[in-house]
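For reference, the structure discussed in these notes is given below.
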Amino acid sequence: MAQFQSLPGFREFYPDALARRNHIFRLWRQTAGAYGFQEYDAPVLEPLDLYKTKSGDEIESQLFSFTDKGGREVALRPEMTPTVCRLVGEKANALKRPIKWFSIAEFYRYERMQKGRGRCFFQLNADIFGEAGVEAETELIALLIQCFGAFGLTAEDFYVRLSDRNLWFYYLEALGLDEPRSRAVLSAVDRHEKMGDDAFKDYTDQFGALDSGLKTKVLAFLQIKSLATLEAAVSSIPGEKLGARLADWRKLLGNLTAMSLGKFVEVDLGVVRGLAYYTGFVFEAFDRKGELRALAGGGRYDSLIGKLGYNDMPAVGFGMGDMTFGLLLEQRGLTPTVTQPTDVYVVIGGEAERQAAFADIQSLRSDGYRVDYPLKDLAFGKQFKAAGESGAKLALVYGGEELAKGVVRIRDLAARTEMEVPRDQVSVVVRDFFSGGAE
RNA sequence: GCGGCCAUAGCUCAGUUGGUUAGAGCACAAGAUUGUGAUUCUUGGGGUCGCGGGUUCGAAUCCCGUUGGCCGCCCCA
């Protein structure tokens, strides 16, 4: 039977599935536009080194990578961040700040499939470049929240966990840990929610057991869930860094509260977003029920553009994928089927009438109406049934009786009423009907 | 890369201790119906039972392998 299958982890979009996908993209695009973000796009295939430079050589095992016919090592893009950094870095001096950009694009990762994760997926990416202050985080977190809200999702359905890698580093530094040890602790913090105490195994292997007093403090810190607790934990520690950082926290949370988005955001220092390049605030969106994997994630990455060989530029961004998001919409019954209905269905008596109908069909189509008709002769009953199923508002009847009188019978399919219209008036009547004045 | 479960029509699934020509509902199509959307009825197309091998007189059924899927681990940029 199936001689050829699609490759594992790749998706095919039949019309109803594509309609759902387009619905998601339409609202994302509209929302990003409302926040003043400009859309861009970029190549699907990139030099392999672009990703190795950002993430390390190990990344290759998780990429669709190969050598092209010119001997170049290339990879299908697994994410947008390095690419958009290049775009911005190349023209940094010519771009008006702040740079607020977004894209909706497909990505590829060579990895094992799981619920909400495949080998190809779409992602909304939104980034702000050139703004070092929390105003950038404010905009992006607000946009993230509205990208959910636009679908009718509420604070009952999802929330955003907010954390801060800088704060962690300053805190661990104050506890007397050097940078390698701090990184290892952060890695443990990242895994602690899932693995519990085993999360510290790597640290122990590398540096020996973490002092139990320190560990107690770390565990207490990662459980902080409010600004008040955070302030209390930090107040006794000397130094300006932590105090200044707390001021950033107050400002960011204040901004979001002023936008009436406070109820969506939770302080949660247990989130540090695993790896590498984040340099400040980080945030992740989850479903409230805790049944799905992360819905979106982002944060500040001020040093990445410099790492790629350009002048440093502050940057904040997030990405959200279509797969887990689609699961959430489905769970909440928010996936309307929005296939585009026909406007006008043309009912045709026979071959002679078909020739007459073609002129009006083409004319209406040129005017932009969605017009359909049976490709082969069908009984009238079948045609009206097809008209109803097509979603058309109007049926135009080209029968022998009508044409003999020089008229077309126009049926309002919802109201089940009919009228006869002279043939040369058809397009006028149709236009009037659709411009609001029915009948 | 590792582990568990699974694979019969487009979809959801029956299929007895291994036994004649593999079934149902839904969906699709034709007709009843040569001028009006429902309902109903009749009929039809559609299957190498995921694929390959083995056991057997005989395999959708039992065994092995393989591919694919779901779920979890690792990872998650």
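Please read these numbers as outputs of a predicted model, since none were measured by experiment.
Under 4.0 angstrom from either OP1 or OP2 of B:rC74 there lies no side-chain N or O belonging to A:Arg191.
The ring-ring contact (aromatic ring centres under 6.0 Å, His included) test with A:Tyr40 singles out one residue from A:Phe129, A:Phe102, A:Trp101, and that residue is A:Trp101.
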Detail all sub-3.5 Å separations between protein N/O atoms and N/O atoms belonging to nucleotides 40-46 of chain B.
none

Write out a two-atom table: protein N or O, nucleotide N or O from nucleotides 30-36 of chain B, distance below 3.5 Å.
from: B:rG35; atom 1: O6; to: A:Gly400; atom 2: N; distance (Å): 3.2
from: B:rG35; atom 1: O6; to: A:Glu401; atom 2: N; distance (Å): 2.9
from: B:rG35; atom 1: O6; to: A:Glu402; atom 2: OE1; distance (Å): 3.4
from: B:rG35; atom 1: N1; to: A:Glu402; atom 2: OE1; distance (Å): 2.8
from: B:rG35; atom 1: N1; to: A:Glu402; atom 2: OE2; distance (Å): 3.0
from: B:rG35; atom 1: N2; to: A:Glu402; atom 2: OE2; distance (Å): 2.4
from: B:rU36; atom 1: O2; to: A:Arg411; atom 2: NE; distance (Å): 3.3
from: B:rU36; atom 1: O2; to: A:Arg411; atom 2: NH1; distance (Å): 3.2
from: B:rU36; atom 1: O2; to: A:Glu418; atom 2: OE2; distance (Å): 3.3
from: B:rU36; atom 1: N3; to: A:Glu418; atom 2: OE2; distance (Å): 2.5
from: B:rU36; atom 1: O4; to: A:Glu418; atom 2: OE1; distance (Å): 3.3
from: B:rU36; atom 1: O4; to: A:Glu418; atom 2: OE2; distance (Å): 3.4

Distances under 3.5 Å only, N/O to N/O: pair up the protein atoms with those of nucleotides 69-72 of chain B.
from: B:rG69; atom 1: OP1; to: A:Gly9; atom 2: N; distance (Å): 3.3
from: B:rC71; atom 1: OP2; to: A:Lys115; atom 2: N; distance (Å): 3.2

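To the nearest angstrom, C1' of B:rA77 lies 17 Å from CE of A:Met320. Between A:Leu63 atom CG and B:rC75 atom C1' the separation is 13 Å, expressed in whole Å. Per the geometry, CG belonging to A:Leu295 stands 19 Å off P belonging to B:rC76, to the nearest Å. One interatomic measurement links the two molecules: OH of A:Tyr110 to P of B:rC74, which rounds to 21 Å at whole-angstrom precision.
Listed candidates were B:rC75, B:rA77, B:rG37. Nearest to the side chain of A:Leu413 is B:rG37.
For the residue pair A:Gln114 and A:Arg293, a side-chain donor N or O sits within less than 3.5 Å of a side-chain acceptor on the partner. Between A:Tyr51 and A:Glu46, the side chains place no donor N or O within less than 3.5 Å of an acceptor N or O (distance only, hydrogens not considered).
Using Watson-Crick or G-U wobble geometry with both donor-acceptor distances under 3.5 Å, B:rG45 finds no partner in any strand shown. Here B:rG1 sits opposite B:rC73 as a Watson-Crick or G-U wobble pair (both hydrogen-bonding atom distances under 3.5 Å). Look at B:rA7: its Watson-Crick or wobble partner, with both distances under 3.5 angstrom, is B:rU67.
Residues A:Tyr398 and A:Arg409 form no side-chain contact, since every pair of their non-hydrogen atoms from C-beta on lies 4.5 Å or further apart.
Using a 4.0 Å heavy-atom criterion, one finds that A:Lys194 contacts the bases of the nucleic acid, with or without backbone contacts as well.
Side-chain N or O atoms of A:Arg165 include one that pairs as donor or acceptor with a backbone N or O of A:Tyr278 at under 3.5 Å.
Going from atom CZ of A:Arg370 over to atom OH of A:Tyr345 covers 15.5 Å, rounded to the nearest 0.5 Å.
Separation of the P atoms belonging to B:rG53 and B:rA59 is 13 Å when rounded to the nearest angstrom. Comparing the C1' positions of B:rC6 and B:rC51 gives an interatomic distance of 16 Å, to the nearest angstrom.
Contact annotation: side chain of A:Arg109 to base of B:rC75, donor-acceptor pair absent below 3.5 Å.
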